[in-house]
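Lettering of chains follows the sequences in order, A, B, ..., and the numbering in each one begins at 1. Worth saying up front: this structure is predicted, and the values here are computed from it rather than measured.
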Number of protein chains: 2
Amino acid sequence: MSTKSRSAGEPAEGPEPLRRSKEAVKAASLAAAYELLTEFGLSGVSVDEVARRSGVAKTTIYRHWPSRTALLFDAVMQFAPRLQTPNTGSLRGDLTSLALGLAQRLQTGRWSSAMPSIVDAAERDTEVAEFQSRTHAGMMSGFGAIAARAQARGELDQKLDVSELTAAIAGPLFYRRWFSRQELDEAFVRGVVERALVWDCSSHG
Amino acid sequence: MSTKSRSAGEPAEGPEPLRRSKEAVKAASLAAAYELLTEFGLSGVSVDEVARRSGVAKTTIYRHWPSRTALLFDAVMQFAPRLQTPNTGSLRGDLTSLALGLAQRLQTGRWSSAMPSIVDAAERDTEVAEFQSRTHAGMMSGFGAIAARAQARGELDQKLDVSELTAAIAGPLFYRRWFSRQELDEAFVRGVVERALVWDCSSHG
DNA sequence: TATCTAAGCTACGGCACCGTATCGTAGCTA
DNA sequence: TAGCTACGATACGGTGCCGTAGCTTAGATA
């Protein structure tokens, strides 16, 4: 009821400054919003609740963001994950590594729990839809990088449509995670990658 | 302000019976709920709005369903679509037809607009999750039927995992519809099916 | 020490929603 | 005609939310 937080993040116990700096306040608000987002989805992020969790006064939050939506955008932006692009030297190795990383994120990442609510919002709000498209493209850019390298090595057909390759691999993973709700084990992921490789390498030649 | 509706569906203008039968009232409520669901997603279905749209008094709605959630379940159940299983005589023909039908539904079906909100709800409510799994399995049962026939004809490896085949085809379609937000043209759909066939037929032999 | 910036608190008006209570009444059936 | 069933209208209590107002005060800076 009295001891307030210390810096970005949870309400800690240090009796430090009862008043936080502008930056600390913004960070704490965003952290709480992020937390709520992953826990309850977009609709679970209310300004009142962010204020409660962060220990930042609601009025203060409104001094930093003009509306709930603005805060939400900032929070989503902040943690939009980007898959890091592996470089194993072979197309098969790269794709397998990337796919396994993606599967990992899908299963354990807190982001994957917030995703459906964003997709849902995008369904009826064009601004969100554009934002989501952009963010998503960024997240999946690893596929493009990998394909480009493979093409440079002559390992992959020059005129292959990267977006098809991406859909062929990410699609089945996403499908299992959110639609059929089956397990995403390593065998499945490797199978998906092999399927994509069979097509791209042998069937075109 | 005064003239009420006629039967199941929209508030029509005929000054017909101001009081509808028990059945008509239930049908009208469900129809309105369905409409709101496809238009605004799960969270857009409020009892007040259902009452407004259907012309059924809120009190009456509560006489038929104990809670908003119960009404929602009924409404979702009612229209959960089931892809009809084609029978063209060949595996390629069947899968292509099924996939094209699915793509069609994804792009034009009102159901596809409600889906993300259900997935989102399933993310944090196990009851919804189970419901969704079941419904989804039913919707995708066509793949199993097709595969079984192909296996009986010896066109398909007996030990193929149908769920992998389903994921390989439905996955990329869903992915494009909701995640990458790209167009789902016929060429893409056919490509996805070919990819699946290449694997299942040649690579195993 | 004086000043100024920005955080904190309490409270509010407005709205949408859930679920219930109360009363009135249409229309069927005995 | 009497009575029963189920719908309709209004209203309410309670909650959660958005965004704002008014005021206080900590802490950095000049």
Ring pair (Phe, Tyr, Trp, His ring centres under 6.0 Å) evaluation trace for A:Trp178 with B:Phe179: CA-CA 12 Å; A:Trp178 285 303; B:Phe179 298 95; 5.2 Å; yes

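Rounded to whole Å, the distance from NZ on A:Lys22 to P on C:dC4 is 17 Å. Rounding to whole angstrom units, CD of residue A:Glu23 and C1' of D:dG27 are separated by 16 Å. Regarding B:Lys26, its NZ atom lies at a distance of 12 Å from the P atom of D:dA6, rounded to whole Å. One atom, CG of A:Leu36, and another, C1' of D:dG16, lie 14 Å apart when rounded to the nearest Å. The separation between A:Trp65 atom CH2 and C:dA7 atom C1' is 13 Å, rounded to whole Å. Rounded to whole Å, the distance from CD1 on B:Ile61 to C1' on D:dA9 is 14 Å.
Salt-bridge annotation for B:Arg134 and B:Glu130: absent, with no side-chain N of the basic residue lying under 4.0 Å from a carboxylate O of the acidic one. Salt-bridge check for A:Arg176 with B:Glu164: failed, with every basic side-chain N at 4.0 Å or more from each acidic carboxylate O.
Applying the ring pair (Phe, Tyr, Trp, His ring centres under 6.0 Å) test to pairs two or more places apart or on separate chains, those with a residue in residues 21-63 of chain B are B:Tyr34-B:Phe79. Here ring pair (Phe, Tyr, Trp, His ring centres under 6.0 Å) pairs that include residues 89-134 of chain B, with residues two or more places apart or in two chains, are B:Phe73-B:Phe131.
No donor-acceptor pair under 3.5 Å is formed between the side chain of A:Ser97 and the backbone N or O of A:Gly93.
The phosphate of C:dA7 (OP1 or OP2) has a side-chain N or O of A:His64 nearer than 4.0 angstrom.
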Walk along nucleotides 13-25 of chain C from 5' to 3' and tag each nucleotide B, S or - by protein heavy-atom contact under 4.0 Å, base first, then sugar-phosphate. ----SBBBB--BB

